[in-house]
Amino acid sequence: LPPVTNAQIAARYETDQAQYQATERRTFTQLVVPTQAAAQAVIAEVRGGMSLEQSATSKGLATSTVEAVERAAFASTASQAVAAAGFDAADGALAGPVQGSLGWYVLRVDDVTQIAGRTLAQASDEIRATLATERRAEALEELTEQLDTEFSRGKSLEDAARELGLELESTPPLLANGQVYEQQEFAPPELARAVTYAFELDE
């Protein structure tokens, strides 16, 4: 396969730029109640010295934790308004009441983690490896299709290999578990599924 070029890496970086930008993840303790008045009452109790958990318990409710979530993901499950309130609040602060998908939310910001963005140079090696893996998979799929075509024309494996410029290799005698007969060696791991299948076939 031809090597991955810098231009191809730059193009993939541009396509996937969102995943390389700086972002923020937050952990919240949240309480969802049915009405705005109930949420406001909870906030009043917390500001009066009660914890959010204690206020919830006194009303027969329970808080839940949202772990290390990004704004977009939180917005998709709660609402844009809830995500905005939670991500605009300071670390340790209380946010709400704000209406979301399940009711009225009261949030406490428990943790704020900044995730640094990555430049093209920093992400280059990872993108190169990804592109190379994708190319190998595509090449293998194309080769498989070519072999299927040759077999459908009545060609033998040897003939098909010769037609496609491939070199055939034979394994030593193998057991069904991939072990070389009467030895401690095993067939390469990538042959594991093929060996299992081969033992279901006739000679």
Selection residues 163-174 - residue pairs positive for salt bridge (charged side-chain N to carboxylate O under 4.0 Å, His left out), sequence neighbours left out: Lys155-Glu163
Interatomic spacing from CZ in Phe74 to CD in Gln80 - rounded to 0.5 Å: 11.5 Å
Hydrophobic cluster membership, Val112 vs Val82, 4.5 Å side-chain cutoff: yes
Residue list, salt bridge (charged side-chain N to carboxylate O under 4.0 Å, His left out) with Arg136, at least two apart or on another chain: none
Interatomic distance, Thr133 atom OG1 to Glu138 atom CD [nearest 0.5 angstrom]: 11.0 Å
Exercise: identify the closest heavy-atom pair between Ala56 and Thr63: CB-CG2, 3.9 Å
Asp159: salt bridge (charged side-chain N to carboxylate O under 4.0 Å, His left out) partners, not counting sequence neighbours: Arg162
Summary of side-chain hydrogen bond (donor to acceptor under 3.5 Å, both in side chains) pairs that have at least one residue in residues 24-53, sequence neighbours excluded: Glu24-Arg26, Glu24-Gln114, Arg25-Glu70, Thr29-Arg108, Thr29-Asp110, Gln30-Ser64, Glu45-Ser55, Glu45-Lys59, Ser51-Gln54, Glu53-Arg108
Cluster overlap Val33 with Val46, hydrophobic side-chain contacts below 4.5 Å: yes
For Asn6, side-chain hydrogen bond (donor to acceptor under 3.5 Å, both in side chains) partners two or more places apart: Arg128
Pairs meeting criterion salt bridge (charged side-chain N to carboxylate O under 4.0 Å, His left out) with involvement of residues 84-106, two or more places apart: Arg71-Asp88
Those residues that, when tested against Gln17, pass side-chain hydrogen bond (donor to acceptor under 3.5 Å, both in side chains) (two or more places apart): none
Thr77 side chain reached by Val66 side chain, heavy atoms, under 4.5 Å: no
Ring pair (Phe, Tyr, Trp, His ring centres under 6.0 Å) contacts touching residues 77-122 (sequence neighbours left out): Phe28-Phe87
Sidechain-backbone polar pair: Ser124 side chain, Ala121 backbone, donor-acceptor under 3.5 Å: no
Summary of ring pair (Phe, Tyr, Trp, His ring centres under 6.0 Å) pairs that have at least one residue in residues 133-163, sequence neighbours excluded: none
Single-linkage hydrophobic cluster Leu166~Leu140, side-chain heavy atoms < 4.5 angstrom: no
Residues forming a salt bridge (charged side-chain N to carboxylate O under 4.0 Å, His left out) with Glu126, sequence neighbours excluded: Arg118
Exercise: identify the closest heavy-atom pair between Ala85 and Val98: CB-CG1, 4.1 Å
Qualifying residue, where the test is side chain to side chain contact (heavy atoms under 4.5 Å, CB included) with Arg12 and the options are Val4, Leu120, Leu131: Leu131
Distance (rounded to the nearest 0.5 Å) between Leu31 CG and Leu61 CG: 5.5 Å
Closest non-hydrogen atom pair between Ser79 and Ser101, with its separation: CB-N, 4.4 Å
Fellow cluster residues of Ile115, listed by chain then number, with links counted only when side-chain atoms sit under 4.5 Å apart: none
Distance-only criterion, 3.5 Å: show the donor-acceptor pairs between side-chain atoms of residues 177-203 and protein atoms not counting sequence neighbours.
unit_1	atom_1	unit_2	atom_2	d
Asn177	OD1	Gln179	N	3.0
Gln179	NE2	Gln183	O	2.6
Thr196	OG1	Ala192	O	3.2

Leu52 CG to Leu107 CG distance, which is reported to the nearest 0.5 Å: 8.5 Å
